[in-house]
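Just so it is clear, the structure is predicted and the values come from calculations on it, not from any experiment. Throughout, a chain's letter reflects where its sequence line sits, starting with A, and its residues are numbered from 1.
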2 protein chains.
Amino acid sequence: MKLSNTNQRRIIIEELRKLDTHPTADELYIIVREKIPQISLGTVYRNLELLSKKGQILKLELTGKQKRFDGNIENHYHLRCTKCGRVVDIEIDDMLEIDKKLNELVDRLSLDGYRLELSGICEICKTEK
Amino acid sequence: MKLSNTNQRRIIIEELRKLDTHPTADELYIIVREKIPQISLGTVYRNLELLSKKGQILKLELTGKQKRFDGNIENHYHLRCTKCGRVVDIEIDDMLEIDKKLNELVDRLSLDGYRLELSGICEICKTEK
DNA sequence: TTAAAATTTGATAATAATTACTATTACTCT
DNA sequence: AGAGTAATAGTAATTATTATCAAATTTTAA
Ligand SMILES: [Mn+2]
Ligand SMILES: [Mn+2]
Ligand SMILES: [Zn+2]
Ligand SMILES: [Zn+2]
């Protein structure tokens with residue numbers, strides 16, 4: 001099935017792509033309402049789900065009860081801050097090697113993939129005493 | 001605060017330790033009711049939460065909406081089956097190396113830890129059909 | 001041993017996050 | 001433009017989990 005071009009859908013992707021905060025559906029809903037005040041929360045949920053199925057965005061099912069979404073579909077890793085709960089992108093060279101090893105494992109065992117989540121204190125929490 | 005010795009708590013740990021299926025709270029509730037028919041679901045939730053905080057069991061927050069629990073607190077890895085949804089233990093030599101690398105990373109960046117979940121078809125689904 | 005203090009329980013209510021439903025509206029394709 | 005398909009807003013329902021609280025059980029310590 002192909003996706004129609006609706007205003008709602010376009011704004012949802014646009015606004016998500018502006019963020020690096022990995023918002024939850026309700027967080028993005030608040031932002032999108034500034035552009036389309038009458039949009040419903042269900043529409044945001046529905047589209048985030050659809051878009052992630054189509055591979056246009058990422059759905060992050062990490063620890064914590066709410067799903068989060070990411071407009072950046074490049075292969076990268078996330079750190080969940082144990083203090084503030086933020087999910088932040090992590091850029092480490094070592095990851096390349098670990099990623100390689102994990103992909104080898106996945107290939108050899110004919111698996112689908114893996115999900116890796118680091119946890120610790122984020123940079124923001126580190127700097128602000 | 002120390003935990004009292006209640007019959008409910010004892011049976012919950014006992015039954016969980018007999019399983020390698022990583023049951024959800026409601027799945028374990030059904031099993032425990034065979035020993036203590038009047039036990040309430042809230043008691044099962046409460047105790048699983050407490051016991052995991054005390055480190056006596058593991059709480060697995062993997063993909064999927066329900067939390068799962070594990071009586072085996074040894075360091076080991078899990079595979080979520082994309083077909084049947086089961087969570088199964090995975091025993092692979094490679095994991096040792098990957099684990100080592102990940103722990104090095106965690107140490108060097110002063111993180112807390114990491115969470116890794118593999119996904120693919122489990123052995124049971126592979127053999128049947 | 002016993003009684004007060006602390007903890008836990010079962011029952012139930014409440015909450016949080018997500019999904020389902022549906023009449024109406026918007027897109028798409030010709 | 002008009003038929004056919006898909007999506008929307010608004011709302012209800014569902015699912016998983018947590019909270020509340022009086023009664024029961026367990027612990028502590030006299
Ligand atoms: Mn990201
Ligand atoms: Mn296990
Ligand atoms: Zn933080
Ligand atoms: Zn399976």
Side-chain angles (χ1 to χ4, degrees), chain A residues 1-16 21-54 56-70 80 85-87 117, chain B residues 1-16 21-54 56-70 80 85-87 117:
Chain A
M1 67 233 73
K2 60 181 57 170
L3 301 187
S4 313
N5 270 345
T6 65
N7 208 35
Q8 288 86 338
R9 189 122 65 210
R10 188 176 48 76
I11 300 287
I12 286 169
I13 305 185
E14 255 175 47
E15 294 303 313
L16 179 61
T21 56
H22 314 94
T24 58
D26 60 306
E27 285 168 355
L28 190 60
Y29 171 57
I30 290 167
I31 290 163
V32 168
R33 264 193 305 185
E34 288 172 23
K35 297 280 159 64
I36 311 176
Q38 78 284 9
I39 198 171
S40 82
L41 179 58
T43 297
V44 176
Y45 267 105
R46 201 183 325 109
N47 278 295
L48 289 171
E49 199 56 44
L50 268 169
L51 291 166
S52 69
K53 281 222 177 76
K54 292 282 175 189
Q56 296 191 248
I57 64 173
L58 287 186
K59 174 166 65 170
L60 309 177
E61 304 190 67
L62 310 174
T63 306
K65 44 196 71 170
Q66 286 184 84
K67 286 173 190 159
R68 293 183 169 272
F69 297 87
D70 196 339
R80 169 172 288 267
R86 278 187 190 91
V87 172
E117 172 192 350
Chain B
M1 69 234 70
K2 60 182 59 171
L3 300 187
S4 311
N5 271 343
T6 67
N7 207 35
Q8 288 86 338
R9 191 123 64 209
R10 189 175 48 76
I11 300 287
I12 287 169
I13 305 185
E14 255 175 46
E15 294 304 312
L16 179 60
T21 56
H22 314 94
T24 57
D26 59 307
E27 285 168 355
L28 190 59
Y29 170 57
I30 290 167
I31 290 161
V32 167
R33 264 193 305 185
E34 289 173 22
K35 297 280 159 65
I36 312 176
Q38 77 284 8
I39 198 171
S40 83
L41 179 58
T43 298
V44 175
Y45 267 105
R46 203 181 325 111
N47 278 295
L48 289 172
E49 199 55 47
L50 268 170
L51 291 166
S52 70
K53 282 221 177 78
K54 291 285 174 184
Q56 295 191 247
I57 65 173
L58 286 185
K59 174 167 64 170
L60 309 177
E61 303 189 68
L62 310 174
T63 305
K65 44 196 72 168
Q66 287 184 81
K67 286 173 191 161
R68 292 184 168 271
F69 298 87
D70 195 339
R80 169 172 287 267
R86 278 188 191 90
V87 172
E117 173 192 349

Please encode protein proximity along nucleotides 11-30 of chain D as a string of B, S and -, counting only heavy-atom distances under 4.0 Å. -----SBB-------SSS--

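Atom P of nucleotide C:dA26 and atom CG of A:N47 are separated by 16 Å, given to the nearest angstrom. The distance between atom CD of B:Q38 and atom P of C:dT12, rounded to the nearest whole Å, is 14 Å. If you take CD1 of A:I13 and C1' of D:dA7, they are 14 Å apart, rounded to a whole angstrom. The CZ atom of B:R9 sits 15 Å away from the C1' atom of C:dG10 (whole-angstrom rounding). The distance between atom CZ of A:R33 and atom P of D:dA9, rounded to the nearest whole Å, is 12 Å. A:L50 places its CG atom 16 Å from the P atom of C:dT18, with the value rounded to the nearest Å. B:R10 places its CZ atom 16 Å from the P atom of C:dT8, with the value rounded to the nearest Å. Distance, B:Y29 OH to C:dT12 P: 11 Å, rounded to whole Å.
For the pair B:L41 and B:D26, the tightest heavy-atom approach, listed with the atom from each and the gap, is CD1-CA, 4.1 Å. Here the closest non-hydrogen pair linking A:E27 and A:R68 is OE1-NH1, 3.5 Å.
With sequence neighbours excluded, the residues satisfying side chain to side chain contact (heavy atoms under 4.5 Å, CB included) with A:S52 are A:E49, A:I57, A:K59. With sequence neighbours excluded, no residue forms a side chain to side chain donor-acceptor pair (under 3.5 Å) with A:R86. In terms of the salt bridge (Lys or Arg N to Asp or Glu O under 4.0 Å) criterion, A:E61 has no residue partners (sequence neighbours excluded). With sequence neighbours left out, the side chain to side chain contact (heavy atoms under 4.5 Å, CB included) criterion links B:Q56 to B:L3, B:I13, B:R17, B:L51, B:K54. Scored by the side chain to side chain contact (heavy atoms under 4.5 Å, CB included) test, A:R46 finds A:T43 as partners (sequence neighbours excluded). For B:K35, the salt bridge (Lys or Arg N to Asp or Glu O under 4.0 Å) partners at least two apart in sequence or on another chain are B:E15. Among residues two or more places apart in sequence or in another chain, the salt bridge (Lys or Arg N to Asp or Glu O under 4.0 Å) test is passed with B:R33 by none.
Summary of helix geometry: the two end axes of the helix from C:dT1-D:dA30 to C:dT30-D:dA1, each defined by five base pairs via their C1' atoms, are inclined to each other by 40° (rounded to 10°).
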